[in-house]
Number of protein chains: 2
Amino acid sequence: MAQMLHDDCPGCAAPDLAFAQHDHAHCAHDALARAEALIAARGLRLTPVRRRTLEILLEAHRAMGAYDMLTRLAAEGFGNQPPVAYRALDFLEEQGLAHRIRRLNAFTACMHPGEAHAPAFLICRACDTVAEAPATPVLAALTKAARHSGFVIERSNIEALGLCHTCQEAAA
Amino acid sequence: MAQMLHDDCPGCAAPDLAFAQHDHAHCAHDALARAEALIAARGLRLTPVRRRTLEILLEAHRAMGAYDMLTRLAAEGFGNQPPVAYRALDFLEEQGLAHRIRRLNAFTACMHPGEAHAPAFLICRACDTVAEAPATPVLAALTKAARHSGFVIERSNIEALGLCHTCQEAAA
DNA sequence: ATATGTATGTAATACTATAACAGGTCAAGA
DNA sequence: TCTTGACCTGTTATAGTATTACATACATAT
Ligand SMILES: [Zn+2]
Ligand SMILES: [Zn+2]
Ligand SMILES: [Zn+2]
Ligand SMILES: [Zn+2]
């Protein structure tokens with residue numbers, strides 16, 4: 001359950017990637033390649049809808065609502081009923097390729113798929129960027145607090161809303 | 001922003017109150033009294049709907065959806081349209097008398113109103129109990145992780161799903 | 001070829017939340 | 001006293017999010 005840092009995982013190597021200037025085409029391509037490998041290794045299928053859904057999520061370091069996703073998918077010839085989007089998004093989430101941001105009722109691509117990680121999300125209220133921060137110490141503190149009450153954590157959501165560095169400077 | 005522990009705040013004195021056997025009538029009465037004092041001190045009004053909404057939340061250490069609350073309120077002669085419930089719940093949340101549990105799309109009474117605190121919620125998936133755990137170290141870790149990316153946190157929600165001590169034993 | 005599990009598509013519905021407007025109460029302040 | 005303005009409640013209508021149920025198609029393996 002502990003977060004392992006892998007140098008070959010771009011998300012681990014550069015945790016603040018989302019907020020920084022970077023070669024995003026490479027970043028997205030890389031995440032997609034990792035996803036494909038992962039799904040294949042598990043004997044599952046990254047079908048056209050699922051693959052396209054992930055690609056769309058990877059277009060930006062943002063969160064996207066299921067209905068916005070549905071609009072995109074429908075425009076490309078996929079079904080245009082809610083379950084089409086929810087099923088693809090749920091599949092990606094179950095496989096650790098996407099995360100659900102509860103505060104936004106939206107989904108975002110996972111930036112280090114395949115790595116066991118406890119995600120904490122930093123959501124910039126100005127530019128809508130969503131970054132996945134290294135949260136091992138955060139989860140450790142939470143687990144400790146829970147243990148105090150004899151509570152055992154199975155899943156957790158840790159989300160923070162605020163301003164990214166760029167938007168702070170823009171505000172000043 | 002740091003959490004201050006007050007011995008005269010039941011929630012602070014017994015962080016795991018919600019999961020333990022306790023005199024809940026006293027617990028709820030106390031929270032209501034604190035709420036009344038707090039609102040009066042701020043020159044605001046704990047009107048009948050607002051007060052009743054808080055009382056209903058205080059009936060149990062659980063989270064309650066806005067529509068369930070609306071049903072209760074309507075049965076007691078208050079308005080029966082969604083804004084009636086949402087306005088009361090939003091007021092309570094703004095005043096720190098209730099918290100929103102995003103994972104459940106629901107609200108829960110604050111167990112230590114008046115104390116500056118960063119709440120982390122422990123949600124038992126078996127008995128639906130919601131407890132407010134001391135989260136100062138958790139928020140500290142999160143703030144530190146954010147600072148690494150130059151991100152400044154304004155609000156956060158930290159929620160954990162799992163099994164409380166009692167329900168673990170029941171399962172075994 | 002047939003059976004099985006899985007994936008997709010659709011219709012219908014349930015659940016959650018907000019916008020916009022009308023009327024009521026109450027306490028300053030003219 | 002009368003008026004003004006802030007605030008609270010209520011209603012209608014609508015927007016946004018998510019799931020259930022069922023039918024069809026497709027892959028893979030006997
Ligand atoms: Zn990128
Ligand atoms: Zn930003
Ligand atoms: Zn209690
Ligand atoms: Zn329990």
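Note on naming: letters A, B, ... go to the chains in the order of the sequence lines (proteins, then strands), and numbering restarts at 1 for each one. Side chains included, hydrogens not; waters and symmetry mates left out as well; all remaining heavy atoms used.
Judged by distance alone, the side chains of A/His99 and A/Glu93 never bring a donor and an acceptor atom under 3.5 Å apart.
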For this session: Assess whether side-chain contact (heavy atoms from CB on, under 4.5 Å) is satisfied between B/Asp68 and B/Arg72, documenting all intermediate values.
Result: CA-CA 6 Å; B/Asp68 288 340; B/Arg72 291 288 305 273; 5.9 Å; no
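In this structure, B/Leu46 places its CG atom 15 Å from C1' of D/dC7, rounding to the nearest Å.
Between A/His61 and A/His24, the ring planes lie perpendicular to each other; the angle is over 60°, past the 30° to 60° tilted range.
Non-hydrogen atoms lying under 4.0 Å from DNA chain C are contributed by nothing in residues 121-130 of chain A.
No salt bridge links A/Arg102 with A/Glu159; every basic N to acidic carboxylate O contact stays at or beyond 4.0 Å.
The shortest distance between side-chain heavy atoms of B/Pro134 and A/His148 does not fall below 4.5 Å. Annotation: side chain of B/Arg87 is not in contact with side chain of B/Thr53 (no heavy-atom distance under 4.5 Å). Two residues are said to be in side-chain contact when any heavy atoms from C-beta on lie closer than 4.5 Å; B/Met64 and B/Leu57 meet this criterion. Considering only heavy atoms from C-beta on, B/Ile158 stays 4.5 Å or farther from A/Asn157 through its side chain. In this structure, the side chains of A/Ile153 and A/Phe151 come closer than 4.5 Å at one or more pairs of heavy atoms.
Looking at heavy-atom distances under 4.0 Å, A/Arg100 makes contact with sugar-phosphate atoms alone, never a base.
Extent of DNA chain C lying under 4.0 Å from chain B heavy atoms, first and last nucleotide in 5' to 3' order, is C/dT16 to C/dA19.
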Please write out the pairs of protein N or O atoms and N or O atoms of nucleotides 8-14 of chain D separated by less than 3.5 Å, giving the distance to one decimal.
{"unit_1": "D/dC8", "atom_1": "OP1", "unit_2": "B/Arg50", "atom_2": "NH1", "d": "3.4"}
{"unit_1": "D/dC8", "atom_1": "O5'", "unit_2": "B/Arg50", "atom_2": "NH2", "d": "3.2"}
{"unit_1": "D/dT9", "atom_1": "OP1", "unit_2": "B/Thr47", "atom_2": "OG1", "d": "2.5"}
{"unit_1": "D/dG10", "atom_1": "N7", "unit_2": "B/Arg87", "atom_2": "NH2", "d": "2.2"}
{"unit_1": "D/dG10", "atom_1": "O6", "unit_2": "B/Arg87", "atom_2": "NH1", "d": "3.1"}
{"unit_1": "D/dT11", "atom_1": "OP2", "unit_2": "B/Asn80", "atom_2": "N", "d": "3.3"}

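For the pair B/Arg50 and B/Phe91, the cation-pi criterion (under 6.0 Å, within 45° of the ring axis) is fulfilled.
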